[in-house]
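Just below is one structure, and these are the notes that go with it.
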2 protein chains.
Amino acid sequence: MTTPKRRLPVMADVAKEAGVSHQTVSRVLNDHPNVRADTRARVEAAITRLGYRRNLVARALVTKRSRTLGVVSFDTKLYGPASTIYGIEQAARTAGYFISIVSLKSLDTASVREAIDYLAEQGVDGVVVVAPQRSAARALVKLPSGLPVVAVEGTHNADVSVVCIDQLEGAKLAVRHLLQLGHETVWHVRGPSDWLEAEGRLEGWRAALEEAGRPVPEPLAGDWSPHAGYEAGKSLAAMGGVTAVFTANDQMALGVLRALSEEGVRVPGRISVVGFDDIPESEFFSPPLTTVRQDFDVVGRHCIEVLLRQIDVGHTAYERLVIRPSFVVRSSTAPVR
Amino acid sequence: MTTPKRRLPVMADVAKEAGVSHQTVSRVLNDHPNVRADTRARVEAAITRLGYRRNLVARALVTKRSRTLGVVSFDTKLYGPASTIYGIEQAARTAGYFISIVSLKSLDTASVREAIDYLAEQGVDGVVVVAPQRSAARALVKLPSGLPVVAVEGTHNADVSVVCIDQLEGAKLAVRHLLQLGHETVWHVRGPSDWLEAEGRLEGWRAALEEAGRPVPEPLAGDWSPHAGYEAGKSLAAMGGVTAVFTANDQMALGVLRALSEEGVRVPGRISVVGFDDIPESEFFSPPLTTVRQDFDVVGRHCIEVLLRQIDVGHTAYERLVIRPSFVVRSSTAPVR
DNA sequence: CCGCAAGATGTGCTCGGTCATATGTCCCTC
DNA sequence: GAGGGACATATGACCGAGCACATCTTGCGG
């Protein structure tokens with residue numbers, strides 16, 4: 001009971017229709033120069049007449065280039081990964097590549113390896129791994145068969161090219177801003193310990209405090225969620241003596257703001273708060289959040305650049321591209337009273 | 001100066017290694033029953049010894065099934081689309097399919113058509129179009145060559161299967177909740193007019209008010225952004241007499257809350273606010289937002305279900321799957337004084 | 001008017017799998 | 001011991017493009 005759908009036209013059909021060989025059709029399709037103008041026109045007419053579309057699968061088989069790039073990511077619902085993937089997709093499409101996405105629930109080494117293998121089997125020309133966790137970064141050490149790979153936020157590991165945002169610098173911007181406002185020191189609500197970004201921000205925070213010769217308080221644990229920020233905010237309010245907090249991301253900062261508000265602690269009157277990411281909502285928090293801005297689109301674009309370079313010129317040296325974050329001052333920070 | 005990388009092993013290599021024919025290797029790979037146990041073992045040993053991975057491109061060429069689904073979406077940075085795509089990806093991968101994504105900056109008819117064609121050329125087995133705009137829905141009327149397509153939030157158009165959330169019902173939930181709290185009527189900050197979701201929520205709001213015989217105020221314009229909500233909030237504060245607002249999404253609600261806070265209007269003391277979407281941040285807004293919850297994951301899963309059904313059994317009747325939203329009461333709504 | 005090079009077009013093979021079919025093997029039954 | 005059927009394995013064609021090379025045109029200089 002199969003559908004009587006006539007099969008789609010192939011090159012040979014177009015060739016017959018235009019009265020040329022399939023090779024000439026191929027030349028027309030690939031903008032080969034050596035085709036007479038009227039022949040080209042005839043072929044093009046035949047193509048539109050038949051509604052012919054070239055079969056990229058067949059093409060990929062012989063050229064060994066699928067013009068598809070794989071992306072392995074974690075929780076693509078989050079603003080950061082989603083934005084990065086958006087940037088990747090835009091850049092890839094401009095360069096004539098497709099994007100095949102695998103979104104993992106856990107970034108353990110095995111899952112990442114499996115995902116990469118899976119994509120390799122599908123014939124992707126290269127893979128971008130959005131690997132912000134230590135475990136994911138570990139999965140990239142001994143990779144299979146010369147598949148070009150670029151990591152976003154990978155470790156300093158030299159086994160793969162990396163594009164990342166300078167987390168250390170971002171954190172320092174935040175802390176220095178607060179110190180300049182006269183705060184004696186700055187508390188920190190950190191991200192989960194297996195995340196490289198959390199690590200970098202923590203280090204940057206610590207380094208900036210030490211550079212200024214200030215005491216380094218115990219960081220508060222967090223897991224990026226607003227809820228974790230909320231809990232941390234409650235603790236901070238209870239501590240007393242806290243005047244400035246650097247939160248490892250904006251969502252947690254939101255939780256902190258909420259908790260402080262509930263506890264009747266004015267921001268920035270009593271406590272100044274700085275976030276990280278600059279999600280679109282931050283500008284409208286109560287109060288609008290001073291934060292470190294990461295340009296995820298740029299990260300995505302650079303990934304594709306690096307990856308395509310690796311694909312095109314073969315295995316060059318591994319690159320490491322560090323993007324500087326910027327700082328956005330809004331109303332959640334103020335000079336200490 | 002080409003790399004001396006020896007080409008990857010193919011079926012023939014495995015066959016030789018195991019001392020069988022390539023066909024037997026194929027049988028082993030596809031779990032064909034008619035293979036003697038020891039032969040199978042020999043082949044499997046050869047596979048691991050050589051590190052063989054099957055070439056899915058070649059397979060796709062002959063089977064005419066790429067086991068790849070295309071997704072066309074608009075602004076995948078937004079929480080809604082990102083979550084939907086996440087759900088789609090999970091469901092697809094579970095079913096053994098890859099996801100190829102095209103993220104558009106504009107959902108005009110031409111772009112959507114082009115994207116679908118692009119994916120069709122790549123040989124996808126089906127396409128999910130996240131088409132929340134009227135223009136995108138229009139692009140789905142006369143589709144090319146029997147390519148299975150499912151739309152998320154498409155129109156009632158019978159030319160394609162649709163999976164959507166009952167926007168009308170969601171809006172009604174919001175309005176009824178507010179009316180039950182004793183509010184005389186409910187203002188509305190609407191989404192952009194070419195968005196079907198905005199349309200649905202507007203209609204639901206209006207219908208619920210009319211059902212209750214209440215006056216229907218002029219809706220305020222918005223574009224989903226917190227900034228638009230902020231502007232609307234300022235207007236609402238200036239109006240006087242407003243006690244309840246239904247905002248078409250949570251981001252705009254955030255802007256409304258911000259504006260009301262700046263104007264010294266207490267929420268929910270003087271004005272109650274309800275949003276739509278239930279983004280992860282909503283719970284920590286000031287105050288925590290009462291909102292309509294959309295389960296995007298479920299939408300994604302249903303899309304794949306419908307799409308795979310269409311792919312497997314051929315062209316059945318177009319389906320229309322409507323998912324009911326739920327309602328989350330938090331602290332941004334209160335009985336009218 | 002011929003020769004020759006550059007341009008235009010055609011021929012046949014290849015990519016790496018799967019499918020249909022042929023061939024071979026084994027066991028069981030009459 | 002012949003015949004039949006089920007199972008195991010091999011053979012060759014084929015999917016639809018691109019590539020290398022062969023062949024046929026054409027234009028131009030000598």
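Only this structure's heavy atoms are used, side chains among them; waters, hydrogens and symmetry mates stay out. Chain letters run A, B, ... following the sequence lines, proteins first and then strands; every chain starts at 1.
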Apply the test side chain to side chain contact (heavy atoms under 4.5 Å, CB included) to residues B:Arg309 and B:Glu319: give CA-CA distance (whole Å), side-chain angles for both, the deciding distance (0.1 Å), then the verdict.
CA-CA 10 Å; B:Arg309 205 176 303 145; B:Glu319 303 182 38; 2.6 Å; yes
Within the distance-only criterion (no hydrogens, no angle test), does the side chain of A:Thr94 pair as donor or acceptor with the backbone N or O of A:Gln90 below 3.5 angstrom?
yes
Is there a side-chain polar atom (N or O) of B:Ser26 under 4.0 Å from OP1 or OP2 of C:dG17?
no
Are OP1 or OP2 of C:dT18 and a side-chain N or O of B:Lys64 less than 4.0 angstrom apart?
no
Suppose we screen for salt bridge (Lys or Arg N to Asp or Glu O under 4.0 Å). Which residues come up paired with [X], at least two apart in sequence or across chains?
{"X": "B:Arg65", "answer": "B:Asp125, B:Asp312"}
{"X": "B:Arg93", "answer": "B:Glu89"}
{"X": "A:Asp75", "answer": "none"}

Which residue pairs pass the ring-ring contact (aromatic ring centres under 6.0 Å, His included) test when at least one of the two sits in residues 88-114 of chain A, sequence neighbours left out?
A:Phe98-B:Tyr118
Numerically ordered, the residues 44-63 of chain B set in heavy-atom contact under 4.0 Å with DNA chain D is B:Leu61, B:Val62
In the 5' to 3' direction, the nucleotides of DNA chain D bounding the stretch that comes under 4.0 Å of a heavy atom in chain A are D:dG16 to D:dA20
Less than 3.5 Å apart, any donor N or O on the side chain of A:Gln122 or B:Thr68 sitting next to an acceptor on the other?
yes
Could you go through B:Leu69 and B:Ile88, starting from their C-alpha distance and side-chain angles, then the distance that decides it, and tell me whether this counts as side chain to side chain contact (heavy atoms under 4.5 Å, CB included)?
CA-CA 10 Å; B:Leu69 302 177; B:Ile88 289 174; over 6 Å; no
Results of side chain to side chain donor-acceptor pair (under 3.5 Å) for B:Thr76 - residues two or more places apart only:
B:Ser103
Sequence neighbours excluded, the answer for side chain to side chain donor-acceptor pair (under 3.5 Å) partners of A:Ser106 is A:Asp108
In degrees rounded to 10°, what angle is found between the helical axes fit to the five outermost pairs at each end of the helix from C:dC1-D:dG30 to C:dC30-D:dG1?
50°
Salt-bridged, A:Glu17 to A:Arg42, with N to O below 4.0 Å?
no
Residues in ring pair (Phe, Tyr, Trp, His ring centres under 6.0 Å) with B:Tyr86, at least two apart?
none
Can you sort out the partners of B:Glu44 under side chain to side chain contact (heavy atoms under 4.5 Å, CB included), two or more places apart, ordered by chain and number?
B:Val28, B:Arg40
Polar-atom pairs under 3.5 Å, protein N or O versus N or O of nucleotides 8-11 of chain C: list them with distances, or write none.
{"residue": "C:dA8", "atom": "OP2", "partner": "A:Asn34", "partner atom": "OD1", "Å": "3.3"}
{"residue": "C:dT9", "atom": "OP1", "partner": "A:Arg36", "partner atom": "NH2", "Å": "3.3"}
{"residue": "C:dT9", "atom": "OP1", "partner": "A:Thr39", "partner atom": "OG1", "Å": "2.4"}
{"residue": "C:dT9", "atom": "OP2", "partner": "A:Arg36", "partner atom": "N", "Å": "3.0"}
{"residue": "C:dT9", "atom": "OP2", "partner": "A:Thr39", "partner atom": "OG1", "Å": "3.4"}
{"residue": "C:dT9", "atom": "O4", "partner": "A:Arg27", "partner atom": "NH2", "Å": "3.2"}
{"residue": "C:dG10", "atom": "OP2", "partner": "A:Ser21", "partner atom": "N", "Å": "2.7"}
{"residue": "C:dG10", "atom": "OP2", "partner": "A:Ser21", "partner atom": "OG", "Å": "3.1"}
{"residue": "C:dG10", "atom": "OP2", "partner": "A:Thr24", "partner atom": "OG1", "Å": "2.7"}
{"residue": "C:dG10", "atom": "O6", "partner": "A:Arg27", "partner atom": "NH2", "Å": "2.7"}

